[in-house]
Amino acid sequence: MLTPHLVETLAYLKEIFPTVARVTAYGRSKSLARKSPEELAEIRQAGLVRLHVGLESGCDEVLARMKKGVTAREQVEAGRKAVAAGISLSEYMMPGLGGKELSERHARDSAAVLTEINPDFIRLRSLVLRRQSPLLDQSRNEQFTELGEDEIVGEIGLLIENLHCRSYLTSDQMANLLYEVEGRLPEDKEAMLRTIGDYRRKSPEERLAFRLSRRVQSFLAVYGILEPELQQKVEEAREALRLGRPDAGMKTEAAVSALKEGFV
């Protein structure tokens, strides 16, 4: 929206709904970058107090591969302008988006970009491949190598290690395995890394059981029930884990994969 139209809309909202305490919006870095500092200050004064922006990655190669339409430097400039205007900024980062090929760069470059922006919130949204998506097709054609869940946990640890900002980091979405990874940076950094370390030190069998339990818990929190076919997959995985069968890993991966289809 043009700035005058957005300011007019915000004024209308305040007039019609005088008890509204906060107005937020989703926005693109590209759109923010086009606004001048004066325009953003005017928008903030008119009542838009928070913006949610999909950073996804701070790695230029990942951004180009995903056709994000923006560079890491543009993301920094856009985010810093929003912060300078007094707008509360939530930046969304997607662990796993670089695949195995770009995992380390994705984590390190994203941490560097987020450190420069210093948003109020960093929100993790771990990658889940959506059915009928081009990225799922690339994965099946070996053009994109999806990270396993343990690898995504490791990538999140690398991200946190390299964040040097005052943001509040949160894992407030069901795609994240360890939603306990949350806190204020830098004060809570070590506690978050301990949570990740505790998980990674579990035996392979313990991690499998944890992942199955956590994914069932997340699914039920949203849907309330497992359909019969899904329930069967979960029960087969539980039985294989209980008996320590050689196919326990395969059964658990199949159940977890089926559960995660409901996350997107």
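Please read all numbers here as calculations on a predicted model, not as lab measurements. The chain is numbered in sequence order, starting from 1.
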**Item:** Closest non-hydrogen atom pair between K81 and A33, with its separation
**Value:** NZ-O, 2.9 Å

**Prompt:** Apart from L102 itself, what residues make up its hydrophobic cluster when side-chain heavy atoms of I, L, V, M, F, W and Y under 4.5 Å apart count as a link, directly or indirectly?
**Reply:** V62, M66, M94, L97, L127, L129, L135, L136, F144

**Asked** Who are the side chain to side chain contact (heavy atoms under 4.5 Å, CB included) partners of E8, not counting sequence neighbours?
**Response** none

**Request:** Evaluate the side-chain proximity of Q217 to L220: yes if any heavy-atom separation is below 4.5 Å, no if none is.
**Result:** no

**Complete:** Contacts of R130 meeting side chain to side chain contact (heavy atoms under 4.5 Å, CB included) (sequence neighbours excluded), chain-then-number -> S133, V264

**Message:** Tell me whether I196 shares a hydrophobic cluster with L147, the cluster being built from Ile, Leu, Val, Met, Phe, Trp, Tyr side chains joined at under 4.5 Å.
**Reply:** yes

Residues 39-51 side chain polar contacts: donor-acceptor under 3.5 Å, at least two apart:
residue, atom, partner, partner atom, Å
E39, OE1, S36, N, 2.9
E39, OE1, S36, OG, 3.4
E39, OE2, T3, OG1, 2.7
R44, NE, G86, O, 3.1
R50, NE, S88, OG, 3.2

**Asked** Which ILVMFWY residues can you reach from Y168 by hopping between side chains whose heavy atoms are under 4.5 Å apart?
**Response** F121

**Message:** Ignoring hydrogens, what is the shortest heavy-atom contact between G58 and A72? Give both atom names and the distance.
**Reply:** O-CB, 3.2 Å

**Request:** List for me each residue that meets ring pair (Phe, Tyr, Trp, His ring centres under 6.0 Å) alongside Y199, sequence neighbours excluded, and say none if there are none.
**Result:** F210

**Message:** Looking at every heavy atom in both L124 and N176, which two are closest together, and how far apart are they?
**Reply:** O-ND2, 2.7 Å

**Request:** Say whether, by atom type as modelled, one donor and one acceptor occur between the side chain of T115 and the main chain of A111 under 3.5 angstrom.
**Result:** yes

**Ion pair check, K30 and E74, cut-off under 4.0 Å** = yes

**Message:** Q232: which residues meet the side chain to side chain contact (heavy atoms under 4.5 Å, CB included) condition with it, sequence neighbours left out?
**Reply:** E236

**Item:** Summary of side chain to side chain donor-acceptor pair (under 3.5 Å) pairs that have at least one residue in residues 255-264, sequence neighbours excluded
**Value:** E149-K260

**Asked** Which pair of non-hydrogen atoms, one from E151 and one from E146, has the smallest distance, and what is that distance?
**Response** OE1-O, 4.5 Å

Under 3.5 Å, which donor-acceptor pairs link side chains of residues 10-25 to any protein atom two or more places apart or in another chain?
none

**Message:** Could you walk me through whether S171 and E180 satisfy the side chain to side chain donor-acceptor pair (under 3.5 Å) test, starting with their C-alpha distance in whole Å, then the side-chain angles of each, then the deciding distance to 0.1 Å, before giving a yes or no?
**Reply:** CA-CA 7 Å; S171 304; E180 303 91 340; over 6 Å; no

**Message:** One thing to verify: whether K68 and E56 come together as a salt bridge, which I'm taking to mean a side-chain N less than 4.0 angstrom from a carboxylate O.
**Reply:** yes

**Prompt:** Are R184 and E187 ion-paired here, with the side-chain N under 4.0 Å from a carboxylate O?
**Reply:** no

**Request:** Using atom types as modelled and distance alone, determine if a side-chain donor or acceptor of R215 lies under 3.5 Å from a backbone N or O of M174.
**Result:** yes

**Prompt:** Going only through I, L, V, M, F, W and Y residues with side-chain contacts under 4.5 Å, is there a path from I152 to V128?
**Reply:** no

**Prompt:** For F219 and I225, which heavy atoms make the closest approach, and how far apart are they?
**Reply:** CE2-O, 3.4 Å

**Request:** Could you check D172 against R123 for salt bridge (Lys or Arg N to Asp or Glu O under 4.0 Å), going step by step and ending with a plain yes or no?
**Result:** CA-CA 7 Å; D172 56 343; R123 302 185 186 276; 2.7 Å; yes

**Asked** Taking 4.0 angstrom as the limit, do K233 and E229 come out as a salt bridge?
**Response** no

**Message:** I'd like to check L178 versus I156 (side-chain heavy atoms, cut-off strictly below 4.5 Å). Are they in contact?
**Reply:** no

**Prompt:** Taking E155 for the side chain and G96 for the main chain, is one N or O donor matched with an acceptor at less than 3.5 Å?
**Reply:** yes

**Request:** Would you please name every residue forming a salt bridge (Lys or Arg N to Asp or Glu O under 4.0 Å) with D247, sequence neighbours left out?
**Result:** R245

**Message:** Can you tell me how far apart CZ (R34) and CZ (R28) are? Round to the nearest 0.5 Å.
**Reply:** 5.5 Å

**Request:** Given salt bridge (Lys or Arg N to Asp or Glu O under 4.0 Å), test R105 with E61 step by step and report yes or no.
**Result:** CA-CA 9 Å; R105 284 184 54 197; E61 193 168 344; 2.6 Å; yes

**Asked** Does K189 have any salt bridge (Lys or Arg N to Asp or Glu O under 4.0 Å) partners at least two apart in sequence or in another chain, and if so, which?
**Response** none

**Request:** Answer yes or no: is there a donor N or O on one side and an acceptor on the other, between the side chain of S57 and the main chain of C59, under 3.5 Å?
**Result:** yes

**Fill in**
By ring pair (Phe, Tyr, Trp, His ring centres under 6.0 Å), H52 pairs with (sequence neighbours left out) Y26, Y92

**Request:** Calculate, to the nearest 0.5 Å, the distance between atoms OG1 and CZ belonging to T71 and R73 respectively.
**Result:** 8.0 Å

**Prompt:** Do R200 and D150 sit within salt-bridge range, that is, some charged N less than 4.0 Å from a carboxylate O?
**Reply:** no

**Message:** Grouping I, L, V, M, F, W and Y whenever their side-chain heavy atoms are under 4.5 Å apart, do L114 and V70 come out in a common cluster?
**Reply:** no

**Prompt:** Is a side-chain N or O of T145 found less than 3.5 angstrom from the main chain of G99, in a donor-acceptor match?
**Reply:** no

**Message:** Looking at every non-hydrogen atom in both residues, tell me the closest pair between L55 and L63 and how far apart they are.
**Reply:** O-CD2, 3.9 Å

**Request:** Look up atom CD in E91 and atom CD1 in I117, then write down how far apart they are to the nearest 0.5 Å.
**Result:** 4.0 Å

**Asked** Taking 4.0 angstrom as the limit, do R65 and D60 come out as a salt bridge?
**Response** no

**Prompt:** For the atom pair CE (M192) and CG (L163), what is the distance rounded to the nearest 0.5 Å?
**Reply:** 8.0 Å

**Message:** Membership question, hydrophobic clusters at under 4.5 Å side-chain separation (ILVMFWY): are L193 and M93 in the same one?
**Reply:** yes

**Message:** For the backbone of E182 and the side chain of T170, can you confirm whether one donor and one acceptor N or O come within less than 3.5 Å of each other?
**Reply:** no

**Request:** List the steps, then state whether side chain to side chain contact (heavy atoms under 4.5 Å, CB included) holds for D198 with K202.
**Result:** CA-CA 7 Å; D198 289 345; K202 293 179 184 291; over 6 Å; no

**Request:** Supply the atom-to-atom distance L212 CG to K251 NZ, rounded to the nearest 0.5 angstrom.
**Result:** 13.0 Å

**More than 12 heavy atoms of other groups within 6.0 Å of R238 CZ** = yes

**Request:** Report the distance from atom CD of E161 to atom CG of L158, rounding to the nearest 0.5 Å.
**Result:** 6.0 Å

**Prompt:** Among the clusters formed by ILVMFWY side chains lying less than 4.5 Å apart, do V181 and L177 turn up in the same one?
**Reply:** yes

**Message:** Using only atom types and a distance under 3.5 Å, with no angle test, would you say the side chain of T252 pairs donor to acceptor with the backbone of A248?
**Reply:** yes

**Asked** For the side chain of N118 and the backbone of R166, is there at least one donor-acceptor N/O pair under 3.5 Å apart?
**Response** yes

